[in-house]
Amino acid sequence: GENVEQHPSTLSVQEGDSAVIKCTYSDSASNYFPWYKQELGKGPQLIIDIRSNVGEKKDQRIAVTLNKTAKHFSLHITETQPEDSAVYFCAARPYDYKLSFGAGTTVTVRA
Amino acid sequence: GAVVSQHPSWVICKSGTSVKIECRSLDFQATTMFWYRQFPKQSLMLMATSNEGSKATYEQGVEKDKFLINHASLTLSTLTVTSAHPEDSSFYICSVMWGSYNEQFFGPGTRLTVL
């Protein structure tokens with residue numbers, strides 16, 4: 001099955017700086033790559049996603065890039081704010097609609 | 001995106017009792033729902049896929065007789081943890097697929113504590 005690795009496990013950034021989280025996947029059949037933000041005690045919230053026919057997607061301060069050849073994708077958060085502090089999960093999905101999640105990255109934005 | 005609710009948001013029960021968790025799709029009819037379990041500081045682990053009108057599909061290692069799933073309508077799936085034990089204490093989260101690319105949207109989760 002699909003195996004997703006996520007790095008780093010923790011990330012501390014100064015408010016206003018950028019944060020980058022990287023993920024790799026193993027199944028070349030995966031064609032959908034969502035990113036979720038999870039705040040303490042809450043369910044994951046879909047913040048952005050990318051499909052295999054696209055190399056980059058941006059939504060305001062959040063952007064995701066995908067390199068299918070290398071099987072890796074990344075989340076970029078610019079101009080970080082304290083409310084960006086949360087756990088972020090990457091995921092990959094092949095044809096059977098089952099998401100495989102990374103281990104998560106705890107992002108802390110220092111004011 | 002799709003709006004998903006769960007009830008209860010938290011529950012405490014005694015060891016040996018059964019607990020039912022509800023997952024509702026509020027703004028569309030969901031033929032497929034997913035149930036996940038998340039232990040503290042860990043990632044989400046898929047437990048089962050709930051299909052309306054048919055039996056759920058369980059992931060390897062998940063006991064189907066312990067975690068009973070009923071998807072009786074297009075807006076409601078239930079997860080019953082039978083004969084709960086302290087090791088079943090966890091955060092249970094459901095999700096639905098919606099949108100042109102079958103995006104997955106999650107509910108707010110249910111915190112189960114078994115004493």
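Throughout, protein chains are lettered first and strands after them, A, B, ... in sequence-line order, and every chain is numbered starting at 1.
Contacts between B:Gln6 and chain A at a heavy-atom distance below 4.5 Å are absent for every atom of the residue. Proximity to chain B (any heavy atom under 4.5 Å) is shown, for A:Phe101, by both the backbone and the side chain. Using a 4.5 Å cut-off between heavy atoms, B:Met97 touches chain A through its side chain atoms alone. Contact annotation for B:Leu46: only side-chain heavy atoms (C-beta onward) come within less than 4.5 Å of a heavy atom of chain A.
Contact detail for B:Glu103 and A:Tyr32: the closest heavy-atom pair is CG-OH, 3.3 Å. Of all heavy-atom pairs spanning B:Phe106 and A:Pro44, the tightest one is CB-O, 3.4 Å.
A distance-only check finds a donor-acceptor pair linking the side chain of B:Ser43 to the backbone of A:Gly102 [under 3.5 Å].
Residues A:Arg93 and B:Asn102 have side chains in contact (heavy-atom distance under 4.5 Å, counting atoms from C-beta outward). When side chains are defined from C-beta on, B:Tyr101 does not count as touching A:Asn31, because their heavy atoms never get closer than 4.5 Å. Side-chain contact between A:Gln38 and B:Ile93 is present, with heavy atoms from C-beta onward closer than 4.5 Å.
For the atom pair OG (A:Ser100) and CE (B:Met45), the distance works out to 9.0 Å, reported to the nearest 0.5 Å.
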- Task: With side chain to side chain contact (heavy atoms under 4.5 Å, CB included) as the test, would you mind laying out the steps for A:Tyr36 and B:Gln104 before giving the verdict?
- Result: CA-CA 10 Å; A:Tyr36 290 89; B:Gln104 256 191 53; 3.4 Å; yes
